[in-house]
Amino acid sequence: MMKNRSVKIGRNDLCPCGSGIKYKNCCRNLKIEMNIKEEYKKKYDIRLKELHEIEGIRKCGTLLMSILNQVELMIQPGLKTEDINTFVHEQTIRAGAVPAPLHYRGFPKSVCVSVNEVICHGIPGDRVLKDGDIVNVDITPIMNGYYADASKTFFVGTPTEKGRKIVSVAAESLKRGIGAVTPGATLGDIGYAIQSYAESQGCSVVREFVGHGVGTDFHEQPQVLHFGTKGKGIVLVPGMVFTIEPMVNLGKKELHVLEDRWTAVTNDGSLSAQFEQTILVTENGWESLTPYEL
Ligand code: MF3
Ligand code: CO
Ligand code: CO
């Protein structure tokens, strides 16, 4: 009887692909990556992105940020929310891209514009911005089939004390959520970082709307909750692309949706602010594909 000599390749053996470097530093990684990719698809329906897809999302994110930065310059008392829609729509089309919100599940416009007590999904229209308002503008272009999703909340004219407070807490909440992103951390770590900070400032975190996988579709898996428990939830791995987009209220977290079936507003009428970026999990941490300072 021959001894069974298995042909298992050791981690420190030369790679059979002929690269001349150790198996563990070469194709073993690929094999593991393939397995993780299949595992995340099967277990969670999460599509880990390849380099060329990340490149596509990053390009879309660059367009998004150029439009969002131009919108910021337009914001002033007297501007109609409809004017923001017209501008975002035209700039998106001009760049050869498509505004993802338009006709998405019946949404009638090309951008979400959410003023004061509106938490999210505000429909642009005849509302006129006035001094002291806060306004969130949430943009999602589709470019060459790739999606990027980001938003900022702006001051209109001179900010009020309450406006300053909620915008600052919402921005810092996103900053802390992003700061929790690194391979091996969990979705719960992100939610915990956001919730613990926002609540420590006496604010509340909206539960009904969450961040989401993004890139080859508008809303992919996983859901990214803005509240949670350290160490709980799916483990982050390189190639995951998702939004973090905490909605933070100055008062209570409860909300209702208006007759238009989109506009979400705080039940207590308190101010609500939101910041959103599209985040890639990298080997070392994270990269924003819609970068701006927080
Ligand atoms: N941009 C929003 C998000 O962050 C989604 C808007 S859906 C729409 O997920 F239909 F209202 F545009
Ligand atoms: Co989003
Ligand atoms: Co968005």
Side-chain angles (χ1 to χ4, degrees), residues 112 114-122 132-138 149-156 158-213 222-236 240 242-256 264-281 284-288 290-294:
C112 296
S114 304
V115 183
N116 293 346
E117 75 290 351
V118 179
I119 292 167
C120 64
H121 301 166
D133 281 350
I134 60 171
V135 58
N136 176 278
V137 179
D138 189 341
D149 189 4
S151 83
K152 265 187 186 184
T153 301
F154 304 115
F155 298 121
V156 180
T158 312
T160 64
E161 205 52 51
K162 286 176 177 176
R164 259 191 230 285
K165 163 92 193 260
I166 195 59
V167 166
S168 144
V169 173
E172 180 66 21
S173 295
L174 174 55
K175 187 170 183 163
R176 291 185 183 216
I178 293 173
V181 174
T182 198
T186 68
L187 287 175
D189 294 342
I190 299 175
Y192 175 81
I194 293 167
Q195 181 186 13
S196 58
Y197 170 71
E199 291 179 353
S200 79
Q201 300 304 302
C203 299
S204 66
V205 173
V206 167
R207 309 299 158 102
E208 287 85 344
F209 301 101
V210 298
H212 51 90
Q223 295 197 23
V224 180
L225 276 52
H226 304 115
F227 54 95
T229 308
K230 266 189 201 169
K232 289 272 169 75
I234 294 171
V235 173
L236 308 184
M240 281 176 84
F242 51 77
T243 71
I244 307 177
E245 48 180 302
M247 285 139 277
V248 183
N249 300 347
L250 201 49
K252 296 211 165 74
K253 64 183 183 306
E254 283 73 23
L255 63 80
H256 61 280
V265 301
T266 55
N267 278 358
D268 60 10
S270 68
L271 291 179
S272 183
Q274 177 180 28
F275 289 83
E276 171 176 29
Q277 294 192 29
T278 294
I279 301 297
L280 164 70
V281 182
N284 308 319
W286 55 271
E287 175 192 340
S288 177
T290 54
Y292 61 81
E293 272 319 306
L294 286 163

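Only this structure's heavy atoms are used, side chains among them; waters, hydrogens and symmetry mates stay out.
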Would a 4.5 Å heavy-atom cut-off, applied to side chains only, mark [X] and [Y] as touching?
X    : Y    : result
F275 : I178 : no
P222 : L187 : yes
Y197 : K175 : no
V181 : I244 : yes
P183 : L236 : no
L250 : C203 : yes
S114 : Q274 : no
N136 : C112 : no

With L255, which of V265, V118, V206 fulfils side chain to side chain contact (heavy atoms under 4.5 Å, CB included)?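 Exactly one candidate clears the test, V206.
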What's the spacing between [X] [atom1] and [Y] [atom2] if we round to 0.5 Å?
X    : Y    : atom1 : atom2 : answer
I194 : D189 : CD1   : CG    : 11.0 Å
L294 : R176 : CG    : CZ    : 12.0 Å
I166 : M247 : CD1   : CE    : 12.0 Å
L174 : I279 : CG    : CD1   : 6.5 Å
L271 : E117 : CG    : CD    : 8.0 Å
K253 : N267 : NZ    : CG    : 10.5 Å

Minimal non-hydrogen separation, [X] against [Y], with atom names:
X    : Y    : answer
A170 : P246 : O-CG, 4.4 Å
I134 : T153 : CB-CG2, 3.9 Å
V210 : Q223 : CG2-OE1, 3.5 Å
H226 : G211 : CE1-N, 3.3 Å
S272 : N249 : OG-OD1, 2.7 Å
F209 : A264 : CE1-CB, 3.7 Å

Under the criterion side-chain contact (heavy atoms from CB on, under 4.5 Å), I'd like the reasoning laid out for T266 against I119: C-alpha separation, chi angles, the key distance, then a yes or no. CA-CA 7 Å; T266 55; I119 292 167; 3.8 Å; yes
So, [X] side chain and [Y] main chain: donor-acceptor pair closer than 3.5 Å or not?
X    : Y    : value
T186 : G233 : no
T182 : A185 : no
Q277 : Y292 : yes
D268 : K252 : yes

Is there a donor in the side chain of E245 and an acceptor in the side chain of H212, or the other way round, less than 3.5 Å apart?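 Side chains of E245 and H212: pair found under 3.5 Å.
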Does E208 form a side-chain contact (heavy atoms from CB on, under 4.5 Å) with H256? I'd like the steps, not just the answer. CA-CA 10 Å; E208 287 85 344; H256 61 280; over 6 Å; no
After noting the C-alpha distance and the side-chain angles of D149 and T290, does the key distance pass the side-chain contact (heavy atoms from CB on, under 4.5 Å) rule? CA-CA 8 Å; D149 189 4; T290 54; over 6 Å; no
Give a yes or no on this: more than 12 heavy atoms of other residues, nucleotides or ligands lie within 6.0 Å of atom OH of Y192.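 No - once you tally the heavy atoms of other residues, nucleotides and ligands closer than 6.0 Å, there are 12 at most.
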In plain terms, say whether K165 and E161 are close enough for a salt bridge, that is, a side-chain N and a carboxylate O under 4.0 Å apart.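 Here K165 does not pair with E161 in a salt bridge, since their nearest N and O are not under 4.0 Å apart.
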